[in-house]
Amino acid sequence: SGVVNSTRLVVELKSSFHFVCRMEIPSWQHMEQQLQQLRSGCIEWISTEPLDERGNGSISFTLVPGEAFGVQAVMLEVTVLSSTIAKAALRLPEDKETEQELSDIVAGIVGNLDPQAGLISSFRSLLLRLVAELCPELDDSDIAVIGRLGRQTAPADRTPLLRLQSHHSQATSVALSLESDDDESESDVDMERANSGSANSSEATASHRKGFDPEEEDKVSVEDVMRWDQAVKALQSQECWNLAITSCGRWDGREALFGATLRNEGAEWQEVAIVIVATKTSICVELKMNQALPDVVPNAVAAVNLREGVRGPGALRSTLRDLYKALGVDLPPYFQACLDETEDCKAQTEGTASELECQIAAVDALQEQLGVIANQLAHFSEQDAGGSSKYPEGFVAQETKKLKKTQSLVKAEKEACDKAVCESLRFSCQTTGGPKVPVTVNLADLPSQSLRGRGPKEAAGLIVSALSGHGPWAHYAAFQFSTMVQREQELQKDFHCFYHSYNKSALLYEVQAVVARELFRLPKDFPPIPRLACPNGETTLETLRGLGGRDHNPTFRALGLSASCSIFASQSEAPPLTYFQGGYSCDDLSFRALLVTFLKKCCEESKVNGLLQEILSIGEKHELTTSSYAEKAGHTQNPTLSGYMLQIFVRKNIAAKYAYASQPMGTPIGSSIEAYLDKTPQANGQARVLFHPPTFLNEEKVRLFHYCSRPLQSCTATSVKASRGSLVEQLRKAIKPHLRDHKELVELLSLKV
């Protein structure tokens, strides 16, 4: 294989459970058998130590990284030690540069494995994440084996899934194991029930799957995470002698374990240790080994496991309830009431804020949008197949192409949203900071302004590094930056690109966009508009240049915008990678005065104060920062600023008229904007842009795109509480009745071309 040196990794996986379920021992053996089926030479099984009842065992295999990883002629010998008492560790005997890089990768993977997920799930996650990071050149047979790791069967139509996700994932790799595992037709629990011949028989497997829709297995469900967390928190809050929780895992998108000791005073049994194993397709009760129990206990467990139509993370409390009932245990009324409750994914538990509930609603809106797109595609397909389309020639093909592009973008956004929201639920984190969540960014190797002088691999690494420590929402930010670069690549030939970061001005920009929609019949989802009123007298780029170094001057600010020339503009005052999550704003101006001045041009002066208060109230309801608009202290300040970004594409043939390269404070530099953006090694600096409304609202000359650090701020569905769609609709209803007539408004805003 051309291997010239060898690196040995020793990884110890820790389980928080102090015993091993019956299902894990044969599953460990089954994984050994599957690893021996690998034939490509990129991953080869070496040896296995059987898993014992204390959870001790090991699997050793070799893995050769692929060319996509960028390191050749290296073989990894991986030994995975499983122990219920050992701490996670990584050991490298040598300290070479390549080995250090591999060490960092594996350490990151191991550090993000959930010790409460169980040994089998942890091993599966480890191997799949190694495949995702090191990109071994697997053939189709190996992909099939890894895709069904830990299972007896894997439908043939699922075989390409692992390859797709390991090489082309848009925004995230942390849940790769969940994505490639969720889609199978049978879970490990079902497989082991069928093989064990114990109380958990194959009849139970069949009954759990009645009425189950296989398509549901394709979804990483936010609601499932909420159901499990809600049930666990409810049980943890109960101080009941009959239940002692020994350990509770997290729902990882595929499975979760709940360990407990059940007590029954004065009966033929006093205590019984159990673990409840929930998967998407089933939920079952397992007895801890080496317990001396009367027949009534295993019989009760068997009866519970034979229930029909009970499965998934939402059935935890009902499973405990039915088990207590089968065992004949009388429970206190308050605890019985807790077990009788049904997990409702919309009911928020302690620590899950209403803000996160709104984010989840925004994710649901994306799913609805995908449904609308699918219906429209089906309609155009019927028209095309019928041969007698009512549309003009070429229209169906053109619209189908646009819809498929939008569909791909929305799917990628929903995937990133799902990961971010699920991680937020797990970490109970809804701020810009938080635990480190590794993300993956894949960029095409195509020309773009931001990638010049870097290349896609280096650029992706910079994005990942910048998002480190931003918590679960790093997933969504990674998607947004990937989309920014993708749009740069699509428009590279004809447009220069600029980035404008903001936060406190968000309300002003949205108000201006509402007025612009009424004037120019712009679509409802048109981006916020930073400038709409032209000053009296002509303002040109030379005017801005003359004020260079004084870009806080009111005359400059009337139409001038501060902008970065790349998402990696490290020499900019507001580098996009740094300020995207929280936004950027100056504090030496009155946003209230700007908004009042604008409203006076739009409506009668006598109506301005009332309209202003209504606008501020709408902004507060939608969690926009309003303290900067208050006449006196009193309006609330959003505790966590949210970042916004405008991506502004200006046609190259007019860019010199509307932008110049600058130093901080707008001081011009010698290069023309064309030379600075096209001929310097990297566009690391900043520019000042003359945002002339009649020009910048003309799609033939300028393209505007809007990015937000949260799904809710991007969501245009008016029905979603606190979404941008709701904000825009409420602002429209408040402002439209007070607007001057069209002709007068155009004149007062000086919008004549």
Side-chain angles (χ1 to χ4, degrees), residues 65-71 105 131-138 160-174 176 179 373 400-417 419 438-467 474-499 564-570 575-577 580 645 647-652 677-678 680-684 703-707 714:
E67 292 183 4
F69 177 64
V71 175
I105 289 174
V131 169
E133 293 288 346
L134 304 183
C135 306
E137 302 296 332
L138 303 174
L161 185 61
L162 182 67
R163 171 175 289 172
L164 174 68
Q165 291 168 340
S166 62
H167 295 291
H168 303 289
S169 59
Q170 275 289 330
T172 167
S173 65
V174 69
L176 176 67
E179 294 163 357
I373 294 172
T400 298
K401 183 178 179 181
K402 290 180 181 178
L403 282 169
K404 287 183 176 180
K405 180 180 177 181
T406 302
Q407 184 182 52
S408 175
L409 190 64
V410 175
K411 282 182 177 180
E413 181 176 7
K414 185 178 183 300
E415 177 186 352
C417 289
K419 300 301 189 313
V439 297
T440 295
V441 177
N442 291 316
L443 305 175
D445 190 7
L446 297 171
S448 87
Q449 192 169 299
S450 290
L451 297 189
R452 193 176 73 251
R454 291 182 176 85
K457 186 174 181 180
E458 179 186 349
L462 290 172
I463 295 174
V464 170
S465 177
L467 296 177
H475 287 295
Y476 192 63
F479 159 76
Q480 296 284 44
F481 281 116
S482 298
T483 305
M484 293 177 202
V485 174
Q486 180 182 337
R487 284 179 171 144
E488 277 192 35
Q489 292 169 335
E490 292 171 355
L491 299 173
Q492 164 73 16
K493 181 180 178 181
D494 300 315
F495 290 85
H496 287 311
C497 183
F498 305 92
Y499 292 91
S564 300
C565 298
S566 159
I567 62 174
F568 309 108
S570 57
L577 278 178
F580 178 65
M645 184 88 71
Q647 188 181 33
I648 306 170
F649 288 96
V650 182
R651 280 206 177 269
K652 291 184 176 181
L677 295 180
D678 288 336
T680 53
Q682 295 177 339
N684 272 338
R703 307 280 175 88
L704 299 176
F705 297 95
H706 179 224
Y707 302 89
S714 302

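- Closest heavy-atom contact between M645 and P576: CE-CB, 3.4 Å.
- Taken to the nearest 0.5 Å, the CG atom of L491 stands 9.0 Å off from the CZ atom of R487.
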side-chain contact (heavy atoms from CB on, under 4.5 Å) between F498 and F649, intermediate numbers included: CA-CA 6 Å; F498 305 92; F649 288 96; over 6 Å; no
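- Residues G453 and Q682 share a closest heavy-atom pair of O-NE2, 3.0 Å.
- Within the model, atoms OG1 of T406 and NZ of K411 stand 12.5 Å from one another, a figure rounded to the nearest 0.5 Å.
- Not counting sequence neighbours, the partners of Q647 by the side-chain hydrogen bond (donor to acceptor under 3.5 Å, both in side chains) test are Y499, Y707.
- The main-chain N or O of C565 is found under 3.5 Å from a side-chain atom of Q449 such that the two form a donor-acceptor pair.
- A side-chain hydrogen bond (donor to acceptor under 3.5 Å, both in side chains) check over residues 489-498, counting only residues at least two apart or in different chains, returns the pairs K405-E490, Q486-E490.
- You'll find the side chain of E415 stays beyond 4.5 Å of the side chain of H475, heavy atoms only.
- Proximity of C417 to Y476: side-chain heavy atoms (C-beta onward) are separated by under 4.5 Å at one or more points.
- Summarising the geometry of L462 relative to L577, their closest heavy-atom pair is O-CD1, 4.0 Å, with the distance given to 0.1 Å.
- No side-chain donor-acceptor contact under 3.5 Å links R452 to the backbone of S448.
- With values rounded to the nearest 0.5 angstrom, I648 atom CD1 is found 11.5 Å from H706 atom NE2.
- Without hydrogens or angle criteria, E488 side chain to S450 main chain gives a donor-acceptor distance under 3.5 Å.
- L451 approaches A444 most closely through the heavy-atom pair CD1-O, 3.8 Å.
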Residues L446, V485; criterion side-chain contact (heavy atoms from CB on, under 4.5 Å); working and verdict: CA-CA 10 Å; L446 297 171; V485 174; over 6 Å; no
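- Although no hydrogens or angles enter the test, the distance criterion places no donor-acceptor pair under 3.5 Å between the side chain of S566 and the main chain of N684.
- Of all heavy-atom pairs spanning V441 and S482, the tightest one is CG1-OG, 3.3 Å.
- More than 12 non-hydrogen atoms from other residues, nucleotides or ligands lie less than 6.0 angstrom from NZ of K652.
- Two rings, from F481 and F580, have their centers less than 6.0 Å apart.
- A donor-acceptor pair is defined here as one N or O able to donate and one able to accept, closer than 3.5 Å; no such pair exists between the side chain of S408 and the backbone of K404.
- The two residues V464 and V439 come nearest to each other via the heavy atoms CG2-O, 3.6 Å.
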